[in-house]
Amino acid sequence: MANTVLIGSQWGDEGKGKIIDVLTANADWVVRYQGGNNAGHTVEIGDQKYVLHLTPSGILRDGCKCVIGNGLVVDIVGLMGELKDLVARGISLDGRLFISDRAHIVLQYHKMVDGAKEGKADAGKKIGTTQRGIGPAYMDKADRIGLRLGDILEVDFLDMVRQQAEDKNEILVRFGAEPLDIDAFLPQVQVAAEYLRPFITDTIPLLHEAVRRGDEILFEGAQGVMLDVDFGTYPFVTSSSTGAGGAPAGSGVPPNAIDRVIGIIKAYTTRVGEGPFPTELKDGIGAHIAKVGHEFGATTGRPRRCGWFDAVIARYSAMVGGINEWALMKLDVLDAVETIKVCVAYECDGERIDTVPASIRRLERCTPVYEEFKGWQTPTTGCTRWEELPEQAQKYVKYLEGLTGVKVGILSVGPKRESTLLLDR
Ligand code: GDP
Ligand code: IMO
Ligand code: MG
């Protein structure tokens, strides 16, 4: 039995939800450990499509238990809506969902501050956030003023919320934004708090007991290494530790209980929101990839920017994340591309570099050094075994393995469960 962390290795939306769902067939627990409902994880099962924002993707497999860990910021009204939708679609939550009493709460005023900050930011400084209140909620956590899920269990919870809302209204007014109508907002908070109350618990002993028993645990990362608050393209990042290191910090399961890390990575690259993206394609090929790959944000519906595979970023993510193997996603999206390019290094200020610079100013001056690869121009979605893949597609996979120094253990050639090849070469 292996406890496995799955992390996004680019700028998010690599297909984490799909792979969690595939691997959950053999897992006892799925644990989210960071982020909030900025995440949008898609799982397609038969003709059903689910987009999960806060609920771990394991909820879609009977018998799998799910934990929303201490490292998250939880929009309680949003989560209530998400859970009600799941229940309406026949998913049972009974005895299967546990929310850490240490996780932080996101409320309407966080979203309003997020929107107001973005609205006021000068051109070039806007992050293009999902406006889900993620940054302001993590600010409250770091500032040691945040409310946590456990506070819902206290009798004066609504008084605490009122105080916070009043403080945030002062900030909103300073931003020139409309303040929150607190009296209209509090009843909504109360309804969500009551709905979530039965799920709130101390998840730490629960997970330790699971580790002790030898249960199999999957840790479901959100976002991706390039959006990590330390390792990503700061300041165009999210506010949490999206890499494998976030898993122990955001769940209470110690690092030595984690056996392996799977990096989820697309056969090309996408990014939503602002910030540098060296291999971005602004031409017809970018538009083709966006169209074939349905590259629209699962949370905000914004079009995703598309570009070639960037081996510099992949190597960096593998290094920072301790990635043992790749789940290489969306290979099928390149099926019709005649010539595929791959960035193998950057050229910056007259020198060749092969790691990601800390400064985005420097990254913005980087131009990709490309190698060209002949496409396979054959459909791959129907392939269920390595041997069925076109030879040139096999070569592409091996080529990426050579460039990144990490083997591909899982290959995905379509959004459905069955379009997944577990490679044992
Ligand atoms: P996540 O945030 O990492 O879980 O990824 P998203 O769900 O935001 O975006 C991934 C999208 O790609 C979803 O619409 C998936 O259904 C879809 N998808 C996942 N794997 C594949 C694949 O191998 N091929 C294709 N064509 N689509 C895929
Ligand atoms: P999943 O888990 C892609 C991006 C936003 C913005 C930046 C900061 O589905 O891969 P935030 O709202 O977090 O303060 O926004 O991060 N972003 C994501 N991009 N996938 C995600 O999640 C993202 N979550 C946040 O677009 O650029
Ligand atoms: Mg997503």
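This chain uses plain numbering: 1 for the first residue, then up along the sequence. One-based numbering, in listed order, for ligands and for the atoms of each. Below, each value reflects all heavy atoms present in this structure, side chains not excepted, and no hydrogens, waters or symmetry copies.
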Fill in: atom 26 (N) of ligand 1: nearest protein contact (heavy atom, Å)
D332 OD2, 2.7 Å

Worksheet item: In terms of residue, atom name and distance, what is the protein heavy atom nearest to atom 17 (N) of ligand 2?
Response: L227 CD1, 3.8 Å

Item to complete: Report yes or no: does a heavy atom of R304 sit under 4.0 Å from some atom of ligand 1?
Response: yes

Discussion item. For atom 23 (O) of ligand 1, what is the closest protein heavy atom, and at what distance to 0.1 Å?
Written reply: S412 OG, 2.5 Å

Practice prompt. With K84 as the cation and Y195 as the aromatic partner, state whether NZ or CZ is under 6.0 Å from the six-membered ring centre and within 45° of the axis.
Written response: yes

Practice prompt. Tell me, please, if K16 has any N/O/S atom, main chain or side chain, under 2.8 Å from the Mg ion (ligand 3)?
Written response: no

Worksheet item: Checking R89 against Y50: charged group under 6.0 Å from the ring centre and within 45 degrees of the axis?
Response: yes

Worksheet entry | F236, portion touching ligand 2 at heavy-atom distance under 4.0 Å | neither

Item to complete: Can you pull out the closest protein heavy atom to atom 4 (O) of ligand 1? Residue, atom name and distance to 0.1 Å, please.
Response: G17 N, 2.9 Å

Worksheet entry | Option with minimal heavy-atom separation from atom 8 (C) of ligand 2, where the choices are T242, T130, T300, V237 | V237

Item to complete: Return the residue, atom name and 0.1 Å-rounded distance of the protein heavy atom closest to atom 12 (O) of ligand 1.
Response: K330 NZ, 2.9 Å

Worksheet item: Which protein heavy atom lies closest to atom 20 (N) of ligand 2, and at what distance to 0.1 Å?
Response: D13 OD1, 3.1 Å

Worksheet entry | Lys/Arg cation over aromatic F175: K120, 6.0 Å, 45° cone | no

Response to the item:
re atom 10 (C) of ligand 1, the protein heavy-atom contact at minimum distance is D13 O, 3.7 Å

Worksheet item: Short list, please: which atoms of ligand 1 are under 4.0 Å from a heavy atom of M329?
Response: 20 (N)

Practice prompt. Would you mind finding which of G273, G128, G40 brings a heavy atom closest to atom 5 (C) of ligand 2?
Written response: G128

Item to complete: Look at ligand 1 and say whether G414 reaches it with a heavy atom at a distance under 4.0 Å.
Response: yes

Worksheet entry | Charged N-O contact under 4.0 Å between D75 and K111 | yes

